Amino acid sequence: MEKQYVPKEVEQKWQQNWQQTQAFRVTEDSEKPKFYLLEMFPYPSGRIHMGHVRNYAIGDVVARFKRMQGFNVLHPMGWDAFGMPAENAAIEHGTHPKKWTYENIASMREQLKRMGLSYDWQREFATCDPEYSRWEQLIFLKMLEAGLAYKKGSSVNWCPDCQTVLANEQVEDGSCWRCDNLVEQKELDQWFFKITDYADELLEGTDKLPGWPERVLAMQRNWIGKSYGCEIEFPVADKETKIKVFTTRPDTLFGATFMSLAPEHPLVKSLISAEQQGAVADFIAQVERQDKIQRTSGELEKLGVFTGSYAINPLTGDQIPVFLANFVLMDYGTGAVMAVPAHDQRDFEFARKYELPIRVVIQPEGESLVAETMDAAHTGTGLLVNSGQFDGIENEAAKEQIADYLDSRGEGRKTINYRLRDWGVSRQRYWGTPIPIIYCETCGAVPVPEKDLPVLLPEDVELTGEGGSPLARHQDFLQVACPKCSQPARRESDTFDTFVESSWYFARYACPDYQNAPLDKKAANYWLPVDQYIGGIEHAVMHLLYARFFTKVLRDLNMLDVDEPFTNLLTQGMVCMETQRCAEHGWLYPEQISSGNCTLCGRPAELGRTEKMSKSKKNVVDPNLLIEQYGADTARLFSLFAAPPEKDLEWNEQGVEGCARFLGRVWRAVCDNLELIADVEVARTAEGAAAELRRKTHQTIKKVTEDIDGRFHFNTAIAAVMELVNAIYAFKLGQQHPEVLREALEAVVRLLNPFVPHASEELWQMLGHQQSVEAAGWPAFDAAALVADELTLVVQVNGKVRGKIEVPAAAEKAEIEAAAQADPNVQRYIEGKQIRKVIVVPKRLINIVVA
RNA sequence: GCCCGGGUGGCGGAACUGGUAGACGCAAGGGACUUAAAAUCCCUCGGGAGCAAUCCUGUACGAGUUCGAUUCUCGUCCCGGGUACCA
């Protein structure tokens, strides 16, 4: 008899079944085509949040859909397990990062399993596992051999009080986020990866990724920031030295009337004249006091100081003053800029401020600029003037010609400049992968021999947040014999940026237990590239660019044969929620508010901005509560039905009820009809009124297939199934046509499987099937069933809807026109008027144009 | 500033290549069932006029192209994201 829908029981049953049968394990020796589906792995922060639910629900729909379509689907899960929150927890609560991390993983794994996600759990790993570190360290050693990793001095944000390095986001208004002391810039020796060697390939690759969203590609292109220009050498008057500048506008060289150098420029010392000594020293001290963020904030006042030296413009021969300027950056271009005030807004303002000459060298068409009366720089196109032999040439052409001329005289050359910098990977932190290097006084930086890998993190450390990295104070860890000369040496105490781990984890999933190398080339080549990658838009540049870089490095190290890691990318929107705060207690969790008041003090809660759900703002919803109350299937369905995946989602639980109700409706539709359809086969054809339900069934199959495959419009796919269920409820001919009813019900159950797999399996079993619904495969639509005998056409007069007509599907144009004109309401509008034109859009409408 | 998105009922959203604007769901209102409630089932639901048939109006705003525009073009306003003294 009728069986109640109890989500908890159904979900437990099927989750156990999947675990016991290892339903989602895959191997490389399959007859089926492979499909690698991956969602960005989570940081084990402790609890699953709504963003995870959304991300993994989306992924699981695709995984189950592809599996039903007959693909050999790799769908793995793991943990991005190194990072600062573990250290902060240790500082605040005294728990060891390792313990904290693995405990979090254990509880999050349980939460994910309760969602019924179809992962191959055999392949699970955490990036803090020693096995993973071992292979990451080996990749680093190979990069070192290949010249792709190197060490250089670089400035970092440094808190002198905490004795530690701060990330940019840990600097608040120039002060340390923990102790409020002023942050300084400190020069440290750090390891870098030569991502700039791959700048061109990474850029060109953006044109070969049609499966990526255009905006992500645009962001990556901007980030790489390739610009074509020219390096020009300016001799310094009365000195042997030359200053090299980079410019994208060699066409304006005749207008260069002064020069601006970065205060850190290595030539600065040799350029300062005796009388400018004091002013320059003051200026440099002032700039040094500003941290990186202030320095590049844009609102900073443009300041400069004259060095006392002059450079010679190679084309005009004029002596031009050399300034230091706070807006010139040492790490872009050459750290020196030729200033053309007439044609660069920044130089224009600087020239006006310090009363420097302005020389117009490009005249826009139909205007004649005069330096004295200009109130802004002219940065557009025009013809060259005041430019000697180049006068009258269009400035775009002059870029080439002047560059060639300089080249022929040995005073400059065309160059390409990138905004992209090499990737600094050293972190002065404990909870990360140790960089496998040993420093020896005689042998220098010596790689740890492969046989000694992995370099393990010592566990007996004290984390206080002060005095720098605990590794740098851990003598047992630090003191080691030099692998080359056996003399006492010192181990590197820095660890890798955690982006290194996430740059190759997707490849390790192909062979998580492989013992001989980072990758089993055969397995990796079978599975890679990832066919569909799914994750948050916030990783559009960093993670996705680093992963692309690493893939190319692994290829060049002969560990892998693919060029790009992710063929198709789906960037999912954020889950947002309004923030609330109390005047006394700060941010409030939603459950700390009752009827608009803070439950701690009774004051009214103030409504804040709607923002991405985050622990720090306390605007979070615990998905567990949702799963407890409604079950995993409803939680999954709801997160998919609320909005298309790429859109931001403002959290609102009002729709949950509707999804739960819908599943109840599906359940009852099957249960209530079980007896009726017990012994019938699914329909192959249908006639008369029954054909309508059959048509709806096959239309739905078609629409859901198209919505999921490639478009990811899960909300409309679900809506289509809802329509079919509504049609089943409205179907009054079940007694006469049980086979049509069975076909419709089976279609609903199969189409819903990717969304609500537990309920689907249970219903499929109730429908009398031995094998699983997943094994039953994805339904195909019958094109013949889609064809209707009669069509409803809209009749317009002059573009306005005036009626609807029913015509046979095979009706000719003339027949349709006659029927349209016979419609009484249509006649009111065409009566006595001349018909100018009749437009018939097949299967849709007819538009009668009258005078 | 520059580069990407986006703006549709009370709400989330739909309309795929220019062809019935508002699918599906939520909320709201009404009804059936019930001693009652819950659950369930059915109906109404952009705004305005009308007893009704039906008509007018409506996709941020203003123009344009078209037989026909939420969709294409131009301009304006607003919102979101990215990025920035980038030479």
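A, B, ... follow the sequence lines: proteins, then strands. Residue 1 opens every chain. No experiment lies behind these values; they were computed from the predicted model shown.
The separation of B:rU83 from B:rA69, taken at their P atoms, amounts to 40 Å, rounded to a whole angstrom. Spacing of P atoms, B:rA60 relative to B:rG10, comes out at 13 Å, to the nearest Å. Of the C1' atoms belonging to B:rU65 and B:rU54, the separation is 32 Å, rounded to the nearest Å. Separating the P atom of B:rU71 from that of B:rA84 is a span of 35 Å, rounded to the nearest Å.
For A:Lys800 and B:rA21, the shortest distance from a side-chain N or O to OP1 or OP2 is not below 4.0 Å. Contact between the side-chain N/O atoms of A:Tyr332 and the OP1/OP2 oxygens of B:rA84 is not found at any separation under 4.0 Å. The phosphate of B:rG25 has OP1 or OP2 within less than 4.0 Å of a side-chain N or O from A:Asn726. For B:rG6, neither phosphate oxygen OP1 nor OP2 lies less than 4.0 angstrom from any side-chain nitrogen or oxygen of A:Lys647. Checking the phosphate oxygens (OP1, OP2) of B:rG82, no side-chain nitrogen or oxygen of A:Asn222 falls inside 4.0 Å. Proximity of A:Asn825 to the phosphate of B:rC55: a side-chain N or O atom is located under 4.0 Å from OP1 or OP2. Remark: A:Lys837 is in phosphate contact with B:rC67, judged by side-chain N or O atoms under 4.0 Å from OP1 or OP2. Contact check, A:Arg844 against B:rG18: no side-chain N or O comes under 4.0 Å of OP1 or OP2. Phosphate proximity of B:rA84 to A:Arg419: present, with a side-chain N or O under 4.0 Å from OP1 or OP2.
Listed candidates were B:rA14, B:rA21, B:rA87. Nearest to the side chain of A:Pro644 is B:rA14. Nearest to the side-chain atoms of A:Phe641 among the listed nucleotides B:rC24, B:rC86, B:rC56 stands B:rC24. Listed candidates were B:rG25, B:rG19, B:rA87. Nearest to the side chain of A:Leu845 is B:rG19.
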Scan nucleotides 38-41 of chain B against the protein and return all N/O pairs shorter than 3.5 Å with their distances rounded to 0.1 Å.
{"from": "B:rU40", "atom 1": "O3'", "to": "A:Arg668", "atom 2": "NH1", "distance (Å)": "3.3"}
{"from": "B:rC41", "atom 1": "OP1", "to": "A:Arg665", "atom 2": "NH1", "distance (Å)": "2.7"}

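Atom CG in A:Leu217 sits about 17 Å away from atom P in B:rG82, given to the nearest Å. Atom NZ of A:Lys696 and atom C1' of B:rC24 are 10 Å apart (whole Å). Taking atom CZ of A:Arg828 as the reference point, atom C1' of B:rU54 lies 6 Å away to the nearest angstrom. To the nearest angstrom, P of B:rA87 lies 19 Å from CZ of A:Phe348.
Within the structure, every pair that satisfies the salt bridge (Lys or Arg N to Asp or Glu O under 4.0 Å) test and touches residues 221-232 of chain A, not counting sequence neighbours, is listed here: A:Asp200-A:Lys226, A:Asp207-A:Arg221, A:Glu214-A:Arg221, A:Glu231-A:Lys244, A:Glu231-A:Arg413.
Side-chain atoms of A:Arg419 and A:Asn222 form no donor-acceptor pair, as typed in the model, at a separation below 3.5 Å.
With a 6.0 Å cutoff to the six-membered ring centre and a 45° limit on the axis angle, A:Arg636 does not count as a cation-pi contact of A:Phe755.
Between A:Tyr546 and A:Ile195 the shortest side-chain heavy-atom distance falls below 4.5 Å.
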